[in-house]
Amino acid sequence: MNTQADATPDRRAALWSGRFADKPDEAAVQFETSIYADERLAFDDIAGSKAHAAMLGSAGIIPQAEADALVGALAAIEAELRAGTLALDPGAEDIHSFVENELTARLGDTGRKLHTGRSRNDQIALDERLYLRRAVPEFQRKLLALIGTLAGIAEAHTGTLLPGYTHLQHAQPVTLAHHLCAWAWMLVRDHGRFSDALARISLSPLGAGALAGTTLPLDREAVAAALGFAGVTPNSLDAVADRDYCVELAAGFSLVMAHLSRFCEEIILWSTEEFGFVALSEKWSTGSSIMPQKKNPDFAELIRGRTGRVYGDLLALLTMLKGLPLSYNRDLQEDKASLFDAYDTAASSVSVFAEMLKTAEWNAGRMAASCAGGYANATDVAEYLVRKGVPFRTAHAVSARLVRYAIEKKCAIEALTLAELRQHSELFAGDIFAQLESRACVEARSLAGGPAECQTRTQIRDLKAFCAARGVR
Ligand code: ARG
């Protein structure tokens with residue numbers, strides 16, 4: 001029963017009057033609206049509607065003059081939204097009904113023709129795909145900028161020794177450049193994941209209608225071409241029902257965050273008194289409200305912490321889809337909050353991380369000192385013997401005994417005398433000592449992908465070429 005006792009207009013009535021006698025409670029409107037999540041889709045929604053309206057005209061489904069009027073009014077709405085002279089209606093159910101209401105208020109019956117052969121179900125799928133085609137490359141550019149930053153820092157540190165770790169124990173010496181390039185290659189793969197997802201996203205769902213297409217002779221290909229899509233989605237149910245692209249992207253953002261979070265953990269460790277490998281700039285550090293001396297790596301910690309949020313977004317999307325029967329279900333509206341949060345969190349993390357690194361100072365002396373004097377060259381001792389014909393397992397045992405001997409003497413392997421070395425193997429000669437210096441250990445590892453300067457330079461060149469080929473220098 002429509003009592004309509006209060007003066008609030010039923011915003012819904014303009015679009016689908018007839019079926020409902022009662023208007024919804026304000027609480028119901030508030031609960032179901034997606035208008036604020038949709039806000040960032042507004043211009044994509046209008047772009048989709050313009051293409052749809054133009055096609056309705058050229059396909060002869062509505063008179064050309066009315067199609068032109070629709071396109072003109074949509075352009076006006078767009079301009080007013082951009083100028084801030086038109087505001088979103090918080091009571092609108094979503095961006096689609098907001099725009100359609102606006103059109104009808106301006107054009108009357110012509111406005112009521114926009115939705116011919118279309119449903120909000122294919123419309124939202126279209127809006128998301130249009131938005132992602134813009135936003136994902138924007139995110140990828142941020143990744144490229146970070147890759148470029150890493151390559152730039154690496155270039156200045158191809159000779160900067162750094163202990164390489166496994167299990168967070170000294171393993172073998174590497175260089176800071178090699179280490180930074182490792183992170184850069186992970187980001188290169190992240191970049192590729194987004195390109196892969198984009199190829200699948202770039203199909204137009206318009207024409208799928210609510211779920212089963214339409215009896216009207218829409219020209220799906222023309223709309224797809226006008227909007228720059230590679231083609232049209234092959235199945236109408238699939239087109240309105242799946243959000244696998246949201247999951248793929250959230251997984252992509254999750255991996256970016258996983259990479260950044262691990263890198264942040266290193267930055268946090270490395271900026272401690274104990275490591276002292278890096279000092280973050282004051283700009284990208286925070287103080288303590290009680291301890292005057294503190295300079296905390298809060299930005300790295302926040303990125304590490306926000307990684308959990310992005311994983312949560314991924315899980316929310318997967319759970320939203322789980323068990324949903326075909327085709328569209330309103331559950332799918334929840335995709336936007338998770339997808340946009342994952343996007344925003346990852347995008348700001350990538351940008352902040354790049355700035356934090358650009359202004360960080362690396363302490364080459366501390367890193368080199370940390371390489372020397374330990375046993376990070378023990379593998380080199382074994383490989384020295386291998387080059388003299390000793391089976392590797394035997395050489396490993398000789399080197400292990402030498403390490404034990406040196407630990408007992410509280411010195412490095414290279415601090416032992418040749419006579420002491422020869423007590424362990426007659427094959428040691430005077431040339432061993434030069435080979436045990438950290439720099440020599442690094443330079444001797446010159447296979448493709450190794451830390452030797454020549455190989456690192458190749459990596460840096462390739463990383464830079466990857467960025468340059470995509471327009472980022
Ligand atoms: N706000 C909706 C969403 O994001 C748009 C589609 C609404 N469709 C419907 N049948 N209620 O999914």
Side-chain angles (χ1 to χ4, degrees), residues 10-20 22-49 51-52 74 81 88-104 112 114-135 201 204-214 233 236-247 249-250 313 316-344:
D10 183 359
R11 298 169 183 102
R12 201 169 62 171
L15 294 183
W16 33 94
S17 54
R19 170 64 181 82
F20 295 101
D22 275 342
K23 75 175 202 174
D25 285 349
E26 207 46 44
V29 172
Q30 267 179 32
F31 189 83
E32 71 158 340
T33 184
S34 64
I35 189 78
Y36 288 114
D38 292 353
E39 193 167 3
R40 70 173 79 190
L41 302 176
F43 299 120
D44 300 299
D45 188 77
I46 292 173
S49 287
H52 180 69
L74 284 163
L81 281 172
L88 294 183
D89 173 4
E93 196 175 311
D94 47 37
I95 189 68
H96 324 305
S97 26
F98 169 73
V99 173
E100 206 185 328
N101 265 328
E102 243 345 277
L103 267 185
T104 310
R112 301 171 75 87
L114 173 69
H115 214 50
T116 308
R118 190 176 68 166
S119 157
R120 288 179 299 161
N121 298 352
D122 56 353
Q123 195 177 351
I124 186 63
L126 174 75
D127 291 4
E128 288 186 345
R129 287 167 187 253
L130 284 173
Y131 163 74
L132 291 169
R133 260 182 25 196
R134 286 187 298 117
I201 287 170
S204 172
L206 217 58
L211 76 164
T214 171
T233 51
S236 64
L237 296 169
D238 174 31
V240 298
D242 208 358
R243 293 293 184 270
D244 53 355
Y245 52 90
C246 299
V247 173
L249 294 175
D313 291 326
L317 284 163
L318 284 167
T319 312
M320 173 195 79
L321 284 178
K322 180 183 178 300
L324 278 193
L326 294 184
S327 59
Y328 179 85
N329 298 272
R330 192 66 179 272
D331 313 44
L332 296 176
Q333 174 168 297
E334 290 305 298
D335 63 349
K336 285 169 279 301
S338 302
L339 178 65
F340 296 164
D341 183 67
Y343 182 98
D344 293 345

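Note that these values count all heavy atoms, side chains included, but never hydrogens, waters or copies made by symmetry. Just so you know, ligand 1 is whichever comes first in the structure, and atom 1 is the first atom listed for that ligand.
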Taking [atom] as the reference point, the nearest protein heavy atom with its distance:
| atom | result |
| --- | --- |
| atom 2 (C) of ligand 1 | Gln333 OE1, 3.3 Å |
| atom 8 (N) of ligand 1 | Asn121 OD1, 2.9 Å |
| atom 11 (N) of ligand 1 | Arg120 NH2, 3.3 Å |

Side chain to side chain donor-acceptor pair (under 3.5 Å) involving Arg243 - partner list, sequence neighbours excluded: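 So Arg243 forms a side chain to side chain donor-acceptor pair (under 3.5 Å) with Glu128, Asp335.
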
Contacts of type side chain to side chain donor-acceptor pair (under 3.5 Å), residue Asp344, not counting sequence neighbours: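 Listed in chain order: Arg40.
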
Side-chain (His52) to main-chain (Thr116) donor-acceptor, under 3.5 angstrom: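 Yes.
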
Check whether any N or O atom of [X], backbone or side chain, sits under 3.5 Å from an N or O atom of ligand 1, and answer yes or no.
| X | answer |
| --- | --- |
| Tyr328 | yes |
| His96 | no |
| Asp38 | no |

Point-to-point distance, once rounded to the nearest 0.5 Å, from CD1 of Ile35 to CG of Leu41: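 Result: 10.0 Å between the selected atoms.
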
CD1 on Ile201 to OG1 on Thr233, rounded to 0.5 Å: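 If we round to the nearest 0.5 Å, Thr233:OG1 and Ile201:CD1 are 13.5 Å apart.
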
Residues Asn101 and Thr104: side-chain donor-acceptor under 3.5 angstrom: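 Not at all, the side chains of Asn101 and Thr104 share no donor-acceptor pair under 3.5 Å.
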
Ligand 1 contact on Lys336 by region, counting heavy-atom pairs under 4.0 Å: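 Side chain only.
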
